[in-house]
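Below: one structure, written as structure tokens.
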Amino acid sequence: MANSGAEKLKLYSYWRSSCAHRVRIALALKGLEYEYIPVNLLKGDQFNPVNRFDPEDYLTINPMGTVPALVDGDIVISDSFAIIMYLDEKYPEPPLLPRDLHKRAINYQAMSIVLSGIQPHQNLAVIRYIEEKINSEEKTSWVNNAITKGFTALEKLLASSAGKHATGDEIYLADLFLAPQIHGAINRFQINMEPYPTLAKCYESYNDLPAFQNAVPEKQPDAPSTS
Amino acid sequence: MAEKEEVKLLGIWASPFNRRIEMALKLKGIPYDYVEEKLLDKSPLLLELNPIHKKVPVLVHNGKTILESLVILEYIDEAWPHNPILSQDPYERSKARFFAKLIDEQIFDAGFVSMARADEKGREAFVEKTRELIMHLEKELVGKDFFGGKSVGFLDFVAGSMIPFCLERGWEGMGLEVITEEKFPEFKRWVKNMEKIEIVKECIPPREKHIEHMNFMVQRVRSA
């Protein structure tokens, strides 16, 4: 294990959070052990000052109240991109960014489309707000639009750079962001991936990779048990 | 999002042909006005919009009337092309259409119309016939979460609205168990998957009321 001997990493996570999902993949790829600390986004745990990770208040860990957050000794990092870059720089093997400058840029672009172009439009706070203020159809319409726009852009971006995975034959940053996004699109929003053949093929390519398969929401300790 | 679109759906709460339209509209996030019709007291609007068949569902989109549930489903997919419910591939489309017809024609007939008309002994034969037909759907589901693959689509809406969420209620009313876990494990698995989908759940008619309604429909078919 890459970090055996040192104090164990802690990950504040929610089973269904696609942002936490990305970090779970990164930790698995780097061979890092960590303590999984569940934060229940639905119950509003992150806003509850008296909670089960006494004496720490989750908002003191992450003032945004979002997951994931990584604790490495005295260092606390929130935001999936910041966490992943920290992990990539502290534990360089295997590298999450290619050496080629153009390919690196494509990875950053793909990541950004997901990170700011798609996920924020479908996170719990936003969709709850729309459903409450307007109605359920508007929520679905909003999410559909964000996903369609984002996936169409990703499909164009990756069509020429994809190999076995998103930007070549190795796993890179883009894959860590794509996998959870597509998983959520299919399972939570019933999105048909057929209009995005490159993305669909990338998604299939993660099926045989334990780092990806073990990070899925359904396999997390705080996932509800299925009947 | 475009300027205000007028979408109106005329339907009957118990009609599977109507419920499948609602599933499609909800999947695509299309807001619509719903008008509940009464089977035995059809509104002048319905008779005006569908003079040929006088049936629901009727979809009105910006003043244009679209009739026949399978036609309406394809219209919805074409008018609102995001998140498609039918495959782009012609062969897959042809399979979906073929099975939709099988469901609405042969399965609906053997599984309801003929079964209702028959006496107790005759019903056994139609139960067998229905099972034979549904076995074709069973085979289609092997290795898939839904007929549409990983996500729900056209055939899931057609089969779902008709079989588990309509015919099953009729069978229960008639005291028959047609689809068993033993012989139809894939089908049962698919129904469980369907029941987890929010937009499908919202379109399942309430069970007890539906069983009662199906009993009424059985009587109606027998006296026709």
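Proteins get letters first, then strands, A, B, ... in listed order; numbering begins at 1 in each.
- Here ring pair (Phe, Tyr, Trp, His ring centres under 6.0 Å) pairs that include residues 106-131 of chain A, with residues two or more places apart or in two chains, are A:H121-A:W142.
- Across every non-hydrogen atom of B:E198 and A:S136, the tightest pair is OE2-OG, 4.3 Å.
- Taking 4.5 Å as the heavy-atom cut-off, none of the residues of residues 167-191 of chain B approach chain A.
- The greatest number of non-hydrogen atom pairs below 4.5 Å with chain A, out of B:G153, B:S87, B:G149, is found for B:S87.
- With respect to chain B, the highest number of heavy-atom pairs below 4.5 Å among A:N144, A:T148, A:T140 belongs to A:N144.
- Within the structure, every pair that satisfies the ring pair (Phe, Tyr, Trp, His ring centres under 6.0 Å) test and touches residues 43-73 of chain B, not counting sequence neighbours, is listed here: B:H61-B:Y75, B:H61-B:W80.
- The local environment of NZ in B:K55 is sparse, with at most 12 non-hydrogen atoms from other residues, nucleotides or ligands closer than 6.0 Å.
- Both the backbone and the side chain of B:D89 come within contact range of chain A, judged by heavy atoms closer than 4.5 Å.
- Within a 6.0 Å sphere centred on CD of B:E6, heavy atoms belonging to other residues, nucleotides or ligands number more than 12.
- Within 6.0 Å of atom CD1 in B:I52, 12 or fewer heavy atoms from other residues, nucleotides or ligands are found, so the atom counts as exposed in its surroundings.
- The contact between B:L27 and chain A is made by backbone and side chain atoms together, counting heavy-atom distances below 4.5 Å.
- Using a 4.5 Å cut-off between heavy atoms, A:T152 does not touch chain B at all.
- With a 6.0 Å radius and a threshold of 12 heavy atoms from other residues, nucleotides or ligands, B:K144 has its NZ atom above the threshold.
- At a heavy-atom separation below 4.5 angstrom, chain B is approached by A:I186, A:F189, A:Q190, A:I191, A:N192, A:E194, A:P195 within residues 167-199 of chain A.
- Applying the 6.0 Å contact sphere to NZ of B:K42 captures more than 12 heavy atoms from other residues, nucleotides or ligands.
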